[in-house]
Amino acid sequence: MAGARTPSTSPDSRDDTEDGLLAVRAAEGDEDAFALLVRRHAPVLIRLATSLLGTPSEAEDAVQDAFISAWRRLPEFQGRSSFGTWMYRIVTNRCLNVLRARRPVAPLEAAGDVAAAEHSTSPARITESRDAVRELREALDLLSPEQRACWVLRELDGRSYEFVADAVGISQEAVRARVFRARRSLTQALGAWR
């Protein structure tokens, strides 16, 4: 069995082939094959969902729902993409639905300016780092769900535009536009941290 992949590396063809065989077996009712697929892909999918949704509990729920949906839809899986890419798409769509159901927090202009603290390795620097992460999460909440998904997949997960387009179900040009708008919005919202 191949080792675990990190989210920033592309899947190798051996893993894709093995996943494809496991998916066929799972579609035929082999629960052990599906359990192996879940174990193999759940960690990276939970990290993705946590980046998109912001909370581990919502992320775990979204990934669990995605795997339940995948189990039911396995007979429809035709192998046009790898099983991992298919799961990325299901999880991304599940997270987008959760994000769309949320009420908007505030308009981007309401984010305001935050003064950056001095840089050091002191407790103040640690607090500043935590504040920066919190500010990023709040700024991400201000993006549209589609912009957030594209930005997280591209910038945090290190995926190609082609992969993001397939995972989100839009064209590469649309992905580039959403990532550009997300970068611009995040730059404005996080201007004090530059």
Taking the six-membered ring of Phe67, is the NZ or CZ of Arg94 close enough (under 6.0 Å from the centre) and on axis enough (within 45°)?
no

Arg183 charged N/C atom sitting above Phe180 aromatic ring, 6.0 Å / 45°:
no

Working to the nearest 0.5 Å, report the span between CG of Leu52 and CG of Leu96.
7.0 Å

Between CD on residue Glu18 and CG on residue Leu21, distance to nearest 0.5 Å:
8.0 Å

Does a side-chain N-to-carboxylate-O contact under 4.0 Å join Glu28 and Arg25?
no

Could you tell me which non-hydrogen atom of Ala27 sits nearest to which non-hydrogen atom of Pro75, and how far apart they are?
CB-N, 4.2 Å

Considering non-hydrogen atoms only, spot the tightest contact between Ala26 and Leu74 and give its length.
CB-CD1, 3.4 Å

Verify side chain to side chain contact (heavy atoms under 4.5 Å, CB included) between Leu37 and Phe83, making sure each step is shown before the conclusion.
CA-CA 9 Å; Leu37 287 168; Phe83 179 82; 3.8 Å; yes

Pair Tyr88-Asp157, side-chain donor/acceptor within less than 3.5 Å:
yes

Begin from the C-alpha positions of Val168 and Arg89 and carry the test side chain to side chain contact (heavy atoms under 4.5 Å, CB included) through to its verdict.
CA-CA 6 Å; Val168 179; Arg89 185 173 198 164; over 6 Å; no

Taking side chain as C-beta onward, heavy atoms only, is Arg178 less than 4.5 Å from Val175?
no

Would you say Arg159 and Arg154 make side-chain contact, with heavy atoms under 4.5 Å?
no

Measure the acute angle between the ring planes of Trp86 and Phe77, then classify it against the limits of 30° and 60° as parallel, tilted or perpendicular.
tilted

Applying side chain to side chain contact (heavy atoms under 4.5 Å, CB included) to Gln147 and Cys150, what does each step give before you reach the verdict?
CA-CA 5 Å; Gln147 286 176 349; Cys150 291; 6.0 Å; no

